[in-house]
Amino acid sequence: MKIDKVERWTKLRVKFSYCKDGDFGITPTSEVKFFDVEEFSGKKKIKFKDLEKRQNEYTKFLITAIMEDFPEEKMVEDFLDEVNKVAAGKLNETYWDGQSFQHKITKDKVSFEHTIFGICEEYPEWSCHFDEYKAVLELWGEFLQMKPSLRNEVTIEV
């Protein structure tokens, strides 16, 4: 199934912070929430279950892809140069072949395909808006610059 249009939600909030893990010590964690979401696709009300499902999808695809596929600040900086070329219209598209996902970036959307399993029942084709991807990638780069501490966190709303 090919996705031609990505649904637009009113406001996405992403937070990166640290938590204390019994086995691994201070570990990066994330939180995804949607706010001011009342309608989509022709004024259809969103049920809480649908909202929770969407938050889970963003965590499973977008957040996992960025956190696992860009473990170092330098990687984020280098790839943001490519992403900015797409934003400026200098490139029509670019790709990132990560440990977890392959990222296909165009000015309209970013599509994810699982690196090992490809498109399958557990990992169907999924996309988000370009501006969401770019903002979260920039936020992750900012987070990686911070010293690991339970007090440190960064948040963005798109």
Side-chain angles (χ1 to χ4, degrees), residues 3 5-41 44-80 82-84 86-87 96-105 108-117 119-158:
I3 298 174
K5 185 177 178 186
V6 179
E7 295 170 356
R8 183 65 171 154
W9 295 71
T10 306
K11 193 179 288 185
L12 165 67
R13 180 182 292 163
V14 175
K15 178 173 87 172
F16 292 115
S17 60
Y18 289 98
C19 67
K20 190 161 188 158
D21 182 281
D23 295 326
F24 301 105
I26 295 178
T27 299
T29 188
S30 65
E31 182 179 307
V32 173
K33 286 190 178 179
F34 287 96
F35 292 92
D36 301 326
V37 180
E38 294 177 4
E39 51 191 47
F40 79 103
S41 185
K44 176 181 170 188
K45 293 281 184 183
I46 296 176
K47 299 176 184 148
F48 177 76
K49 183 173 96 176
D50 297 332
L51 182 58
E52 184 177 32
K53 177 182 179 226
R54 192 68 171 169
Q55 289 174 174
N56 289 339
E57 287 174 347
Y58 269 72
T59 300
K60 181 178 181 177
F61 291 94
L62 176 61
I63 302 303
T64 298
I66 286 178
M67 288 178 76
E68 291 185 10
D69 293 343
F70 298 96
E72 299 171 12
E73 179 187 350
K74 178 77 170 125
M75 295 170 80
V76 174
E77 288 175 10
D78 290 346
F79 192 60
L80 271 172
E82 291 292 303
V83 171
N84 286 327
V86 172
W96 181 263
D97 193 13
Q99 295 275 343
S100 297
F101 290 92
Q102 294 170 336
H103 310 220
K104 178 183 176 187
I105 296 98
D108 296 324
K109 69 178 182 178
V110 178
S111 301
F112 299 89
E113 184 175 323
H114 196 275
T115 302
I116 296 170
F117 303 115
I119 296 173
C120 62
E121 186 175 337
E122 182 66 24
Y123 294 98
E125 185 174 5
W126 189 85
S127 299
C128 68
H129 286 273
F130 173 83
D131 59 336
E132 293 169 335
Y133 180 86
K134 184 176 182 290
V136 173
L137 185 61
E138 290 170 340
L139 185 71
W140 178 242
E142 181 183 328
F143 180 73
L144 290 174
Q145 294 175 15
M146 301 169 78
K147 178 183 173 192
S149 168
L150 295 176
R151 291 185 295 251
N152 288 342
E153 68 179 45
V154 291
T155 304
I156 194 165
E157 290 183 2
V158 184

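- How far OG1 of T29 is from CE of M67: 6.5 Å, rounded to the nearest 0.5 Å.
- The structure places CD1 of I105 at 9.0 Å from SG of C128, a figure rounded to the nearest 0.5 Å.
- One N or O on the side chain of D69 and one on the backbone of F101 form a donor-acceptor pair closer than 3.5 Å.
- Y133 and F61 have their aromatic ring centers separated by at least 6.0 angstrom.
- Taking the side chain as every heavy atom from C-beta outward, E113 and E125 never approach each other to under 4.5 Å.
- Shortest non-hydrogen contact noted between E72 and L144 is C-CD1, 3.6 Å.
- No side-chain heavy atom of K109 sits less than 4.5 Å from a side-chain heavy atom of F130.
- How far CD of Q55 is from CG of L12: 9.0 Å, rounded to the nearest 0.5 Å.
- Side-chain contact check for F143 versus M146: some heavy-atom pair is nearer than 4.5 Å.
- When all heavy atoms are compared, the tightest approach of S149 to I26 is N-CG2, 4.3 Å.
- Considering CG of N56 and CD1 of I63, their distance stands at 12.0 Å, rounded to 0.5 Å.
- Taking the centre and axis of the six-membered ring of Y123, the NZ or CZ atom of K60 falls inside the cone set by 45° and 6.0 Å.
- A distance of 11.5 Å separates CG of L139 from NZ of K15, quoted to the nearest 0.5 Å.
- When all heavy atoms are compared, the tightest approach of P71 to M75 is CD-SD, 3.5 Å.
- With hydrogens and angles left out, the side-chain atoms of Q145 and E73 include a donor and acceptor closer than 3.5 Å.
- Looking only at atom types and distance, the side chain of S111 has a donor-acceptor partner in the side chain of S127 under 3.5 Å away.
- Annotation: side chain of Q99 is not in contact with side chain of T115 (no heavy-atom distance under 4.5 Å).
- Between W126 and E57 the shortest side-chain heavy-atom distance falls below 4.5 Å.
- Between atom CZ of residue F79 and atom CZ of residue F70 there is a gap of 5.0 Å, rounded to the nearest 0.5 Å.
- Counting all heavy atoms, side chain and backbone alike, F24 lies closest to D21 at N-OD1, 2.8 Å.
- Pairing each heavy atom of V76 with each of G141, the nearest pair is CG1-CA, 3.7 Å.
- Although no hydrogens or angles enter the test, the distance criterion places no donor-acceptor pair under 3.5 Å between the side chain of S17 and the main chain of L150.
- Residues W96 and F112 place their aromatic rings such that the two centres sit no closer than 6.0 Å.
- Between K134 and N84 there is a side-chain heavy-atom pair separated by less than 4.5 Å.
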